[in-house]
Amino acid sequence: MPHHALEIALTRPLDPTEFDAACGSTQLAANHGITRLMALVHAKTPDRAAHRLRQRLEDRLPIDVITTHYPDANGQVLLNVALPPAAHAALTAAARRAGQSRERFVELAVHRALATHAEQEADRLNHAVRRLLAHTTPAHLLSAVGHALSHLPEEPTQ
């Protein structure tokens with residue numbers, strides 16, 4: 001059976017004692033702020049690996065989402081999210097009404113949301129460029145963009 005690299009996003013940073021306690025059952029690597037963890041899990045599939053990791057750690061850690069660290073052959077990343085019972089029931093009912101499995105229903109909803117976000121971002125950037133072009137020439141704007149891209153900060157700004 002292969003090992004699967006999984007990333008755990010936590011709902012809050014861990015203190016070192018919590019991290020040490022969690023490492024008692026599973027080997028984990030943490031980022032600097034102990035808000036994200038990495039684990040290697042032995043399982044037949046990434047889905048089973050994520051499920052197994054959640055079962056091992058859900059009582060010890062404030063887990064938000066578990067994801068596969070590397071995309072699969074189709075470029076997709078597995079998301080493992082534990083929903084409250086009411087949300088799970090609502091999702092199951094909506095999927096049933098749509099004639100789809102829960103997994104397929106969520107997959108399509110995520111794809112739609114990402115497509116909408118990409119369109120909105122493209123529209124926002126297009127609007128911003130048009131505002132800038134109202135006050136300068138395309139050549140000057142292109143030069144400024146090139147300069148800005150060659151001097152990017154290490155962390156993206158929000």
Side-chain angles (χ1 to χ4, degrees), residues 1-128 145 148-158:
M1 277 193 287
H3 283 85
H4 300 277
L6 301 175
E7 184 170 348
I8 304 166
L10 301 171
T11 60
R12 62 171 174 76
L14 296 181
D15 66 48
T17 306
E18 290 174 302
F19 178 68
D20 290 342
C23 288
S25 66
T26 304
Q27 288 188 343
L28 299 167
N31 69 336
H32 178 70
I34 317 180
T35 57
R36 292 186 0 243
L37 307 173
M38 290 292 301
L40 284 175
V41 179
H42 192 68
K44 287 183 181 179
T45 66
D47 188 44
R48 285 186 182 180
H51 181 74
R52 185 173 292 157
L53 184 63
R54 184 174 289 279
Q55 283 184 320
R56 276 189 213 152
L57 297 175
E58 69 185 342
D59 293 336
R60 296 182 179 153
L61 296 175
I63 297 173
D64 188 14
V65 178
I66 298 174
T67 65
T68 49
H69 187 63
Y70 300 105
D72 64 13
N74 297 321
Q76 295 185 344
V77 173
L78 174 80
L79 295 176
N80 177 288
V81 180
L83 298 173
H88 191 272
L91 182 60
T92 300
R96 191 176 304 122
R97 283 191 302 275
Q100 299 167 340
S101 69
R102 273 190 322 268
E103 292 80 8
R104 182 70 177 149
F105 184 80
V106 169
E107 179 182 3
L108 292 173
V110 168
H111 282 284
R112 281 190 304 272
L114 290 172
T116 298
H117 175 74
E119 282 181 34
Q120 290 171 344
E121 182 68 359
D123 288 346
R124 183 188 69 77
L125 291 172
N126 187 34
H127 183 69
V145 168
L149 290 175
S150 66
H151 296 89
L152 287 176
E154 288 187 28
E155 292 291 324
T157 56
Q158 297 290 333

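FYI, side chains are in, hydrogens and waters are out, and symmetry mates aren't considered; it's all heavy atoms of this structure. Bear in mind the structure is a predicted one, so any value in this text is a computation, not a measurement.
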How many angstroms lie between [atom1] in [X] and [atom2] in [Y], if you round to the nearest 0.5 Å?
X   : Y   : atom1 : atom2 : answer
E18 : L61 : CD    : CG    : 7.5 Å
I63 : L10 : CD1   : CG    : 7.0 Å
Q76 : L78 : CD    : CG    : 10.0 Å
R60 : R56 : CZ    : CZ    : 10.0 Å
L37 : C23 : CG    : SG    : 7.5 Å
T45 : H4  : OG1   : NE2   : 6.0 Å

Worksheet item: For the side chain of R48 and the backbone of H42, is there at least one donor-acceptor N/O pair under 3.5 Å apart?
Response: no
Worksheet item: Would you call E7-R36 a salt bridge at under 4.0 Å N-O?
Response: yes
Quick one: does [X]'s side chain get under 4.5 Å of [Y]'s, heavy atoms only?
X    : Y    : result
H3   : V41  : no
Q120 : R124 : no
R102 : H88  : yes
N80  : T67  : no
H69  : M38  : yes

Fill in: N31 side chain to T35 side chain, donor-acceptor N/O pair below 3.5 angstrom
yes
Item to complete: For Q27, look at atom CD and say whether over 12 heavy atoms of other residues, nucleotides or ligands are found less than 6.0 Å away.
Response: no
Discussion item. Quick check on H117: does its NE2 atom have over 12 non-hydrogen neighbours (other residues, nucleotides or ligands) under 6.0 Å away?
Written reply: no
I need the minimum non-hydrogen distance between [X] and [Y], along with the two atoms involved.
X   : Y   : result
V77 : P71 : CG2-CA, 4.1 Å
P13 : G33 : CB-O, 3.5 Å
L28 : A22 : CD1-CB, 3.9 Å
T68 : P46 : CG2-CB, 3.6 Å
L14 : P62 : CD2-CD, 3.5 Å

